[in-house]
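Report on one structure; see the data block that follows.
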Amino acid sequence: MNIDQIIKSKIVEAVQALYGQTIQADSVQIQNTRKDVEGDMTVVVFPFLRISRKSPEQTATELGEYLKSHVGAVDDFLVVKGFLNLLISKAYWVTVLEDAANNQEFGLTPANENSPLVMVEYSSPNTNKPLHLGHIRNNLLGYSIGEIIKANGNNLVKTNIVNDRGIHICKSMYAWQKWGEGKTPENTGVKGDHLVGDFYVLFDKHYKAEISELMASGLSKEEAEQQAPSIVAAREMLLKWEARDPEVIKLWEMMNQWVYDGFDITYKELGVDFDKIYYESDTYLVGKEEVLRGLKEGLFHQREDQSVWADLTADGLDEKILLRSDGTSVYMTQDIGTAKLRFNDYKIDKMIYVVGNEQNYHFQVLSVLLDKLGFDWGKGLHHFSYGMVELPHGKMKSREGTVVDADDLMAEMVDVARRTSEELGKLEGYSDDELAETYKTIALGALKYFMLKVDPKKNMLFNPEESIDFNGNTGPFIQYTYARIRSVIRKAEASGIQVTKKLDVALSISEKEQELIKSLSLFPAAVKEAGDTYSPAIIANYIYSLVKEFNQFYHDHSILGEQDEAIRNFRLVLSQTIANVVKSGMNLLGIRVPERM
RNA sequence: GCCUCGGUAGCUCAGUUGGAUAGAGCAACUGCCUUCUAAGCAGUAGGUCAUGGGUUCGAAUCCCGUCCGGGGUACCA
């Protein structure tokens, strides 16, 4: 039981003893005491005034007296403006540190074979273009939320649904066939996903030119868009693909492989991975079967043009198309198929989709449709809906070339990390491999922390010029603090200092040290809240404030220079424990920490 | 039009679910390296929490209206 819970339960007792009424422990409000007021924690007494029928000051005093005499950890209290501020004993805080220091899994709840199985879908790229900044946010959020789910006592399966079929894929294929001149990643040296993306852009260029030409010859915009030779050819290719035309399939397999090879590199660089990858080309037919079954069972209806629709007006939604008039699948169709396959493959207790908030409506519909089709997990699916990444000029548009490419961005950040490190010159003696590793750790730490520290639900702005910062509230600042602690620990080891994790409760610790232990004790709650609210930002902000406080302590107190051996030992244990929490917290964000930087 | 999410310092973001004098970072200015890593620490300045009402002991937070912005409302994904 932590101090919060102890105080809450004792307040319940106190209210019962003093005023003869029963209240719920959860209703007791406890908060951190303001920095400018003396005290460690504060009980808000205003809600009890109705019960006590006394002034805030008097009520607070009576409750304070009760806590002081009934809770060992409460040394004293003071009442300010009707708030009851408690002073917690130093001995209590020392035992809190001791517990945390002796628990390698502090703050984490490991899963066992009986724990729930959670599947997280993230990334979900199209195979017609390389990954960009928007995908980065998705991947980082998906990976991190997976780690947080694991840390909260769940088993995890990370999955990816690859959008490998459809008209957009055929556009790249057609452009390559027509204007590709036999180019391959091998003979051009261009990364496969980029090469395919180039042809996607090339397609659009020709397509637009054709449209203007047709419009100049008198066609309306709509007619021109439908009749342009390129789009006609791409559509034809899609039909051939669905008919399994050997030549088209061969082309499709070749170009998709280029993309997969490219993605593998990007994923590896980003540090994300998957336990199971699904391909839309394998799932869309399953979805189609399910829709036809639903049609037969009268859940859906068919229009005169043969298209199939679901009427969801009774659920407060609109009518939704499930199969086109030519019988081909739409996005929704394949999501139904993918869901079915997944639940056949795994015993999933909870399904989480990491997909942008532009698809909120889509998932609302999917949930209802799955439910109608008789899948009892349909209603329980969770759409982890995150905001868009905007650039200073506005939204990213891949066809207009205003995207921030994932590979380019990472390479650029590694370069900045390298230059900064070289300037500071603290990595002497490192091998080339160690240097490269450290630059990458810092660069990705900066990028990941930048994207994960903001509330996932909100849109965020990425300014390429300003966002690559290594000072202040950034990943490198946190990594730096870790490296500092590691440096001290190494020095202690080198000079033969023995550290014992058995601490003396009578130790006289400073205000700042007590603050630090209090911050440490908040880690488990941060992990839980991050899990409950699906928010890596909670973890990021927690680590930042912990580390900020540590740096203040580090500045004002000498660790190795401390003459009193018991205090020196205490400070080493404190520092080491903070380093551990920083490391496991950063791990929940998918960020590594360096030994030196 | 309808649905939905948002608006907090010049900029980027927090704000513990209704609590005390709204906090960080960046940018600007000022100090601190002969001492465990200055990617650090300390300080100055910067606010009508979009706006008008309401609810109560108490509102950035809850409710209603208005203004501004994002997204959705496709036989695109």
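Side chains are part of it too, since the values below use all heavy atoms of this structure and drop only hydrogens, waters and symmetry mates. Reminder, nothing fancy here: chain letters follow the sequence lines and each chain counts from 1.
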**OP:** Establish, for the pair Arg165(A) and Trp252(A), whether the NZ or CZ atom is under 6.0 angstrom from the six-membered ring centre and no further than 45 degrees off its axis.
**Re:** no
Original post:
Under 4.0 angstrom, heavy atoms only, what part of the nucleic acid is Phe83(A) near: base, sugar-phosphate, or nothing?
Top reply: base
Original post:
Checking all strands, does Tyr554(A) fall into the base, sugar-phosphate, or nothing category for heavy-atom contacts under 4.0 angstrom?
Top reply: base
Original post:
Counting any heavy atom closer than 4.0 Å, what does Val44(A) reach on the DNA or RNA strands: base, sugar-phosphate only, or nothing?
Top reply: base
**OP:** Report which part of the nucleic acid Gln479(A) touches: base, sugar-phosphate, or nothing (heavy-atom distance under 4.0 Å, all strands).
**Re:** nothing
Original post:
Looking just at side-chain N and O atoms, do Ser307(A) and Arg303(A) make a donor-acceptor pair shorter than 3.5 Å?
Top reply: no
Original post:
So which nucleotide does A42(B) pair with, by the Watson-Crick or G-U wobble rule with both distances under 3.5 Å?
Top reply: U30(B)
Original post:
Checking all strands, does Glu529(A) fall into the base, sugar-phosphate, or nothing category for heavy-atom contacts under 4.0 angstrom?
Top reply: nothing
Original post:
Thinking salt bridges, do Arg596(A) and Glu434(A) make one under a 4.0 Å N-O criterion?
Top reply: no
**OP:** Please evaluate the base of A24(B) for a donor-acceptor partner in the side chain of Ser545(A) within a cut-off of under 3.5 Å?
**Re:** no
Original post:
Which nucleotide, in any strand shown, forms a Watson-Crick or G-U wobble pair with U35(B), with both distances under 3.5 Å?
Top reply: none
Original post:
Is Lys548(A) touching bases, backbone alone, or none of the nucleic acid, heavy atoms closer than 4.0 Å?
Top reply: sugar-phosphate
Subject >> Side-chain donor-acceptor contact under 3.5 Å, Asn551(A) with Thr481(A) >> reply: yes
**OP:** Tell which nucleotide pairs with G6(B), taking only Watson-Crick or G-U wobble pairs whose two distances are both under 3.5 angstrom.
**Re:** C68(B)
Original post:
With a 4.0 Å cut-off on heavy atoms, is Asp326(A) in touch with a base, just the backbone sugar-phosphate, or nothing at all?
Top reply: nothing
**OP:** Provide, to the nearest angstrom, the distance between the CG atom belonging to Asn357(A) and the C1' atom belonging to G70(B).
**Re:** 8 Å
Subject >> Whether Lys512(A) side chain and Asp556(A) backbone form a donor-acceptor pair below 3.5 Å >> reply: no
**OP:** Please work out if Lys458(A) contacts a base, only the sugar-phosphate, or nothing of the nucleic acid, heavy-atom cut-off 4.0 Å.
**Re:** sugar-phosphate
Original post:
Looking across every strand, which nucleic acid part, if any, lies under 4.0 Å from Ile167(A) by heavy atom: base, sugar-phosphate, or nothing?
Top reply: nothing
Original post:
In whole angstroms, how far is the P atom of A77(B) from the OH atom of Tyr361(A)?
Top reply: 16 Å
**OP:** Indicate yes or no: does Asp4(A) engage Lys8(A) in a salt bridge with an N to O separation below 4.0 Å.
**Re:** no
Original post:
Base, sugar-phosphate, or nothing: which does Phe470(A) touch, judged by heavy atoms less than 4.0 Å apart?
Top reply: base
**OP:** Describe the nucleic acid contact of Pro125(A) in one word from base, sugar-phosphate, nothing, applying a heavy-atom distance below 4.0 Å.
**Re:** nothing
Subject >> C62(B): pairing nucleotide in any strand, Watson-Crick or G-U under 3.5 angstrom >> reply: G54(B)
Original post:
Which whole-number value in Å describes the distance from His557(A) NE2 to U35(B) C1'?
Top reply: 16 Å
Subject >> N/O donor-acceptor pair, side chain Asn85(A) with base A20(B), under 3.5 angstrom >> reply: yes
Subject >> Interatomic distance, Asn459(A) CG vs C5(B) P [rounded to whole Å] >> reply: 14 Å
**OP:** Decide, applying a 5.5 Å centre-distance limit and a 30° plane-angle limit (both strict), whether Phe46(A) stacks on G58(B).
**Re:** no
Original post:
Within the structure shown, what part of the strands sits under 4.0 Å from Asn360(A) by heavy-atom distance: base, sugar-phosphate, or nothing?
Top reply: nothing
